[in-house]
Number of protein chains: 2
Amino acid sequence: MNDDAVFRALADASRRQLLDRLYEQNGQTLGELCQGLEMTRQAVTKHLVILEEANLVSVQRQGREKLHFINPVPINHIAERWINKFERRQLSALSALKKVLEGDGGQ
Amino acid sequence: MNDDAVFRALADASRRQLLDRLYEQNGQTLGELCQGLEMTRQAVTKHLVILEEANLVSVQRQGREKLHFINPVPINHIAERWINKFERRQLSALSALKKVLEGDGGQ
DNA sequence: TTGACATGCAACCAAATAGTTGCCTATAAG
DNA sequence: CTTATAGGCAACTATTTGGTTGCATGTCAA
């Protein structure tokens with residue numbers, strides 16, 4: 001699994017938007033994903049290819065349509081291997097901050 | 001807080017490496033961060049500027065040296081607002097894909 | 001079979017990106 | 001003051017990226 005491809009894929013707002021749309025409704029066709037976007041179909045295709053190569057989207061042909069499904073595994077992967085590491089440090093910082101803000105406050 | 005800047009900043013392997021190094025040892029100078037990298041100092045500077053603009057690194061001048069500190073808040077932010085959302089979705093997405101792959105599938 | 005619809009492929013283009021080199025400024029030390 | 005050190009700035013370059021247009025292919029429906 002290639003972390004770099006995932007990070008690069010997530011770097012573009014259009015691609016994150018596509019993931020958002022698939023999150024709203026999974027299994028959409030290319031045509032459906034294009035609707036309402038300020039982009040040509042071909043541009044959307046390119047974005048989807050990048051998402052596929054990063055394994056963030058998997059595809060299933062059905063007749064002349066191509067259905068797109070979100071795959072959360074790589075996101076989970078970088079979350080576990082990368083993000084949590086930095087969060088761990090913050091948790092202590094956050095709880096310290098909370099303590100100050102709340103005067104003391106347990107929990 | 002600009003999510004896009006954070007995602008873009010994280011998209012480059014060299015910048016993630018710089019964050020890793022700051023994670024190992026916080027508060028390093030530019031010179032220290034350059035050591036052992038296959039890059040000129042100026043290239044590193046550019047990466048650090050991008051990390052600063054994404055608020056992932058904060059800087060403190062000390063005499064003629066510039067100390068760099070990691071700031072985990074933006075990472076936490078995208079983790080909470082973005083990553084967790086997809087992690088939650090994982091089970092239902094997988095089962096939806098299965099349905100299609102298996103031709104019908106109950107549930 | 002004919003036409004309409006859904007997608008694929010390739011060439012091209014402009015802008016952004018990652019990197020370089022060369023020179024300048026500021027601070028510390030001899 | 002002079003010199004070495006730490007970093008800043010700007011111009012330039014090659015490559016990547018995000019997007020376009022034009023045409024081709026494959027599939028469904030009449």
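Here is the naming used below: chain letters follow the sequence lines, and residue numbers restart at 1 for every chain.
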Requested in this report: Using a cut-off of strictly less than 4.0 Å, decide whether B:Arg8 has a side-chain nitrogen or oxygen near OP1 or OP2 of C:dA16.
Outcome: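 For B:Arg8, the contact criterion (side-chain N or O under 4.0 Å from OP1 or OP2 of C:dA16) is not met.
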Query raised in the report: Any side-chain N or O of B:Arg61 under 4.0 Å from OP1/OP2 of C:dT27?
Result: no
Query raised in the report: Distance-only, no hydrogens or angles: does the B:Glu32 side chain make a donor-acceptor pair with backbone N or O of B:Thr29 under 3.5 Å?
Result: yes
Atom-to-atom span, [atom1] of [X] to [atom2] of [N] - whole angstrom:
X: A:Arg16; N: D:dG18; atom1: CZ; atom2: C1'; value: 14 Å
X: A:Glu65; N: C:dG8; atom1: CD; atom2: C1'; value: 15 Å
X: A:Leu37; N: D:dG18; atom1: CG; atom2: P; value: 15 Å
X: B:Gln28; N: D:dG7; atom1: CD; atom2: C1'; value: 16 Å
X: B:Gln62; N: D:dG7; atom1: CD; atom2: P; value: 12 Å
X: B:Gln60; N: D:dA6; atom1: CD; atom2: P; value: 18 Å
X: A:Leu30; N: D:dT25; atom1: CG; atom2: C1'; value: 15 Å
X: B:Phe7; N: C:dA16; atom1: CZ; atom2: C1'; value: 20 Å

If every non-hydrogen atom of [X] is compared with every non-hydrogen atom of [Y], which pair is closest and at what distance?
X: B:Leu56; Y: B:Pro74; result: CD2-CB, 4.0 Å
X: A:Ala13; Y: B:Asp4; result: CB-OD1, 3.8 Å
X: A:Asp12; Y: B:Arg8; result: CA-NH1, 4.5 Å
X: A:Ala54; Y: A:Val6; result: O-CG2, 3.7 Å

Report summary line: Assign each of A:Gly63 and A:Arg15 the nucleotide of DNA chain D bearing its closest heavy atom; nearer the 5' end lies the nucleotide of A:Arg15
Requested in this report: Would you mind telling me which residue lines up with the more 5' stretch of DNA chain D, A:Ile50 or B:Lys66, judged by nearest nucleotide?
Outcome: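 The 5'-side residue here is B:Lys66.
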Query raised in the report: Under 4.5 Å between side-chain heavy atoms, hopping through other hydrophobics if needed: is there a path connecting A:Val44 to A:Leu22?
Result: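 Yes: a chain of side-chain contacts under 4.5 Å links A:Val44 to A:Leu22.
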Query raised in the report: Ignoring hydrogens and angles, does a donor from either the side chain of A:Arg64 or the base of C:dT7 sit under 3.5 Å from an acceptor on the other?
Result: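 Such a pair does not exist between side chain and base.
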Query raised in the report: Got a second to check how far A:His47's NE2 is from A:Gln17's CD, nearest 0.5 Å?
Result: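 Answer rounded to 0.5 Å: 9.5 Å.
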Using atom names, set out every protein N or O paired with an N or O of nucleotides 19-21 of chain C below 3.5 Å, distance rounded to 0.1 Å.
| from | atom 1 | to | atom 2 | distance (Å) |
| --- | --- | --- | --- | --- |
| C:dG19 | OP2 | B:His47 | NE2 | 2.2 |
| C:dG19 | N7 | B:Lys46 | NZ | 3.1 |
| C:dG19 | O6 | B:Lys46 | NZ | 2.2 |
| C:dT20 | OP2 | B:Thr40 | N | 2.9 |
| C:dT20 | OP2 | B:Thr40 | OG1 | 2.5 |

